[in-house]
Q: 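Pasting in a structure now, in structure tokens, and then I'll have a few things to ask.
Computed from heavy atoms alone, side chains included, the values below leave out hydrogens, waters and symmetry copies.
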Amino acid sequence: MRRWPLLRSCILAAVVSALSAPHATQAESQTSAMPPESKGHIITITEQGPSPVQVRMSKNDKMAFFLNDTSDSLLTITVEYKEHSTHCSSGNLKINTDGSIRSTEPIAPKDFASSCFHDRGTYSFTVNGLKNHPLGARGSIIIE
């Protein structure tokens, strides 16, 4: 739970950014979950799996937060970067030489992990530790 104040700060910054951004047309708002001025996206992990399952972000969004919103599941996360580069992740994720980032310890309920994305492309991720998904719940992050 030690990272919760940081997550609240990040959420607050995203909300302030969204509220201060120019209003988008209806067509623009349907193609993007967050305004171009935002700097991150939250993927909420529930017992049913990640939500949203597929995240589309602009290259300017930079950061994805994986929030464990379960009541008692200890989660691990793997993000496949493959040929894409990264140089940042939260302390509970480790950048590996095989082109992935993995949890170094379970992510407790109401805790989170985060990673940044610098290159356009598709990054698949797997969340393990969910009772309803014994083989892991999969999703993807698409940087446009």
Q: Could you work out, with side chain to side chain donor-acceptor pair (under 3.5 Å) as the rule, every residue matching Thr46, not counting sequence neighbours?
A: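 If we apply the side chain to side chain donor-acceptor pair (under 3.5 Å) test to Thr46, skipping adjacent residues, the hits are Gln48.
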Q: Could you pull out the closest heavy-atom pair between Ser100 and Thr78, with the gap in Å?
A: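 Closest pair (atom of Ser100, atom of Thr78, distance): CB-CG2, 4.2 Å.
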Q: Can you find a heavy atom in the side chain of Ile107 that is under 4.5 Å from one in the side chain of Phe112?
A: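 Not in contact.
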Q: Under 4.5 Å between side-chain heavy atoms, hopping through other hydrophobics if needed: is there a path connecting Leu67 to Leu93?
A: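 Unlinked, Leu67 and Leu93 end up in two clusters.
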Q: His84: which residues meet the side chain to side chain donor-acceptor pair (under 3.5 Å) condition with it, sequence neighbours left out?
A: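 Side chain to side chain donor-acceptor pair (under 3.5 Å) check on His84 returns nothing, list empty.
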Q: By side chain to side chain donor-acceptor pair (under 3.5 Å), which residues pair with Ser89, not counting sequence neighbours?
A: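 So Ser89 forms no side chain to side chain donor-acceptor pair (under 3.5 Å) with any residue.
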Q: Can you tell me which residue pairs pass the disulfide bond (SG atoms under 2.5 Å apart) test with a partner in residues 111-144, sequence neighbours excluded?
A: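 Non-adjacent pairs meeting disulfide bond (SG atoms under 2.5 Å apart): Cys88-Cys116.
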Q: Who pairs with Asp119 by side chain to side chain donor-acceptor pair (under 3.5 Å), at least two apart in sequence or on another chain?
A: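 Asp119: side chain to side chain donor-acceptor pair (under 3.5 Å) contacts with Ser85.
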Q: Quick one: side-chain contact (heavy atoms from CB on, under 4.5 Å) partners of Pro106, sequence neighbours excluded?
A: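 Scan of Pro106 (side-chain contact (heavy atoms from CB on, under 4.5 Å), adjacent residues dropped) gives Leu74.
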Q: Identify whether Val79 and Ile45 are in the same connected component of the hydrophobic contact network (ILVMFWY, side-chain heavy atoms under 4.5 Å).
A: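 Yes, Val79 connects to Ile45 through the hydrophobic network.
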Q: Can you sort out the partners of Thr76 under side-chain contact (heavy atoms from CB on, under 4.5 Å), two or more places apart, ordered by chain and number?
A: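 Per chain and number, Thr76 pairs via side-chain contact (heavy atoms from CB on, under 4.5 Å) with Ser103, Asn128.
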Q: Kindly state each residue pair satisfying salt bridge (Lys or Arg N to Asp or Glu O under 4.0 Å) with at least one member in residues 87-103, sequence neighbours excluded.
A: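 Residue pairs passing salt bridge (Lys or Arg N to Asp or Glu O under 4.0 Å), neighbours aside: Asp98-Arg102.
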Q: Can you find a heavy atom in the side chain of Met57 that is under 4.5 Å from one in the side chain of Ile142?
A: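 They are not in side-chain contact.
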Q: Measuring from Ser90:OG to Met63:CE, what's the distance to the nearest 0.5 Å?
A: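 Interatomic distance, Ser90 OG to Met63 CE, rounded to 0.5 Å: 8.0 Å.
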Q: Regarding Tyr81 and Ser115, is there a side-chain donor-to-acceptor distance under 3.5 Å anywhere?
A: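 The answer is yes; a qualifying pair exists.
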Q: Would you say that Ile141 contacts Phe117 through its side chain, given a criterion of any heavy-atom pair below 4.5 Å between the two side chains?
A: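 In contact.
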Q: Rounded to the nearest 0.5 Å, what separates atom CG in Leu75 from atom CG in Asn68?
A: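 Here the interatomic distance stands at 4.0 Å.
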Q: Go through the structure and list residues passing side-chain contact (heavy atoms from CB on, under 4.5 Å) with Glu47, not counting sequence neighbours.
A: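 Listed in chain order: Thr70, Asp72, Ser73, Leu130, Lys131, Asn132.
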Q: Linking Ile, Leu, Val, Met, Phe, Trp and Tyr through side-chain heavy atoms less than 4.5 Å apart, which residues share a cluster with Val53?
A: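 None; Val53 is a cluster of one.
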Q: Would you call Arg120-Glu144 a salt bridge at under 4.0 Å N-O?
A: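 So Arg120 does not pair with Glu144 through a salt bridge.
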Q: Taking only residues two or more places apart in sequence, or in another chain, which ones meet Lys82 in a side-chain contact (heavy atoms from CB on, under 4.5 Å)?
A: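 In terms of side-chain contact (heavy atoms from CB on, under 4.5 Å), with neighbours along the sequence ignored, Lys82 is linked to Glu80.
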Q: Treating Ile, Leu, Val, Met, Phe, Trp and Tyr as nodes and any side-chain heavy-atom pair under 4.5 angstrom as an edge, say whether Ile101 and Val55 lie in one connected cluster.
A: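 Linked, Ile101 and Val55 end up in one cluster.
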Q: Mind listing the closest non-hydrogen atom pair of Thr122 and Ser140 along with its distance?
A: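 Of all heavy-atom pairs spanning Thr122 and Ser140, the closest is CG2-CB, 4.1 Å.
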Q: List the atom of Arg138, the atom of Pro50, and the distance in Å for their closest heavy-atom pair.
A: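 That closest heavy-atom pairing would be O-CG, 4.0 Å.
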Q: Which pair of non-hydrogen atoms, one from Asn92 and one from Ala113, has the smallest distance, and what is that distance?
A: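 Heavy-atom minimum between the residues: OD1-CB, 3.6 Å.
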Q: List for me each residue that meets ring pair (Phe, Tyr, Trp, His ring centres under 6.0 Å) alongside Phe125, sequence neighbours excluded, and say none if there are none.
A: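 Testing Phe125 for ring pair (Phe, Tyr, Trp, His ring centres under 6.0 Å), a comparison that skips the adjacent residues, returns Phe66.
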Q: Distance from Ile43 atom CD1 to Ile77 atom CD1, nearest 0.5 Å?
A: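 Those atoms lie 8.0 Å apart.
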